[in-house]
Trainee: 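Have a look at this one before I ask anything.
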Protein chains: 2
Amino acid sequence: MNIGETAEKSGLPAKTIRYYEDIGLIAPLRSANGYRDFGAADLHKLAFIARARALGFSIEDCRSLLALYEDAGRASADVKRIAQEHLGRIEEKIAQLQSMQDTLSDLVQACCGDHRPDCPILGDLAGALTRKI
Amino acid sequence: MNIGETAEKSGLPAKTIRYYEDIGLIAPLRSANGYRDFGAADLHKLAFIARARALGFSIEDCRSLLALYEDAGRASADVKRIAQEHLGRIEEKIAQLQSMQDTLSDLVQACCGDHRPDCPILGDLAGALTRKI
DNA sequence: TATTGACCTTCCCACGACTGGAAGGACTAT
DNA sequence: ATAGTCCTTCCAGTCGTGGGAAGGTCAATA
């Protein structure tokens with residue numbers, strides 16, 4: 001299977017698949033003409049990675065998860081730990097964003113948004129120094 | 001005021017301040033010895049930017065907001081629009097992360113995390129192709 | 001006066017995870 | 001033979017810094 005077909009079936013851009021080979025996540029065979037030749041196992045791996053990426057796992061997490069997936073003697077605790085750490089980072093990020101959202105939605109509400117220059121949003125930003133941020 | 005003092009007062013690393021000069025956000029004077037010489041207005045701008053960055057605005061948003069801040073004839077509608085667009089992106093990002101969080105916390109809960117290899121987390125990732133992701 | 005040590009300068013490289021594009025070879029259909 | 005599509009490699013760019021090298025400047029001390 002050439003890279004084009006593989007890209008279509010895995011849902012990943014061909015560029016991304018080449019990149020994954022570069023960094024050693026996958027290792028497709030090569031045809032006589034130099035083209036990459038993907039097998040079912042490669043496609044499976046790519047779909048695995050795509051799903052993990054969609055859940056926000058980093059490439060290095062993906063590498064670890066793939067290794068665990070292929071290790072029949074793994075302990076599920078190792079997988080769970082990676083997922084829990086990732087979940088923690090996600091929760092942290094959500095909290096950060098919600099804090100921004102809270103402040104911003106207050107400011108946006110307070111701004112009448114007309115032709116006049118007075119604006120509590122700019123007021124907040126400009127007051128940063130006085131408030132020591 | 002040298003860059004070190006400015007960094008301390010603005011809460012921004014000196015590296016970051018130099019970068020902001022590079023991309024034209026600020027334009028401090030230079031002393032005879034070649035050192036940057038920051039005035040009160042520069043410090044004010046930097047604090048403004050730091051606050052905007054803390055609220056998640058992109059550098060380009062910061063550039064626009066600074067320009068509006070310095071334009072006495074601005075319309076608050078222009079500021080509000082930038083803030084609202086940014087707020088929209090934040091809400092989108094939060095929704096994405098929450099969707100990941102939902103899935104991941106379910107999976108983590110379902111994984112008993114012991115010495116055995118069976119793991120619903122890996123099961124989910126591996127099933128990506130079958131489910132067409 | 002000489003010499004530390006702290007500060008400043010510019011420059012280039014690295015990060016994460018791709019993405020775009022150029023230059024050129026391979027294959028298929030007309 | 002030619003056109004068009006696919007494939008290859010390689011290089012550069014993204015965003016907002018952070019790290020570090022090589023070298024100039026300044027204030028304080030021996």
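Keep in mind the model is a prediction, meaning the values are calculated, not measured. The sequence lines fix the lettering, A, B, ..., with proteins before strands; numbering per chain opens at 1.
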Trainee: For D/dG18, does either OP1 or OP2 sit under 4.0 Å from a side-chain N or O belonging to B/Arg18?
Mentor: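 Checking B/Arg18 against D/dG18: no side-chain N or O falls below 4.0 Å of OP1 or OP2.
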Trainee: Do the side chains of A/Glu70 and A/Phe48 get nearer than 4.5 Å, heavy atoms only?
Mentor: no
Trainee: Just N and O in the side chain of A/Asn33: are any of them under 4.0 Å from OP1 or OP2 of D/dC7?
Mentor: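 No, outside the criterion.
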Trainee: Expressed as a whole number of angstroms, how long is the span from A/Asp22:CG to D/dA12:C1'?
Mentor: 15 Å
Trainee: Report the residue (A/Ala32 or A/Pro13) whose heavy-atom-nearest nucleotide on DNA chain C is the more 5′ of the two.
Mentor: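 Going by which nucleotide is closer to the 5' end, it is A/Pro13.
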Trainee: Are there more than 12 heavy atoms of other residues, nucleotides or ligands under 6.0 Å from atom CZ of A/Arg116?
Mentor: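 Count not over threshold, so no.
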Trainee: So does B/Thr16 get a side-chain nitrogen or oxygen closer than 4.0 Å to the phosphate oxygens (OP1/OP2) of D/dG18?
Mentor: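 It does, given that an N or O in the side chain of B/Thr16 lies less than 4.0 Å from OP1 or OP2 of D/dG18.
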Trainee: Verify the contact: side-chain N or O of B/Arg36 to OP1 or OP2 of C/dC8, cut-off strictly under 4.0 Å; return yes or no.
Mentor: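 Result: no.
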Trainee: Whole angstroms only, please: what is the NZ-C1' distance between B/Lys15 and C/dC13?
Mentor: 10 Å
Trainee: Please give, in whole Å, the distance from C/dA17 P to A/Leu12 CG?
Mentor: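 Those two atoms, CG and P, are 14 Å apart.
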Trainee: Side chains of B/Leu125 and A/Leu55: does their closest heavy-atom pair fall under 4.5 Å?
Mentor: yes
Trainee: Whole angstrom is fine here: how far is it from OH in B/Tyr19 over to C1' in D/dT14?
Mentor: 10 Å
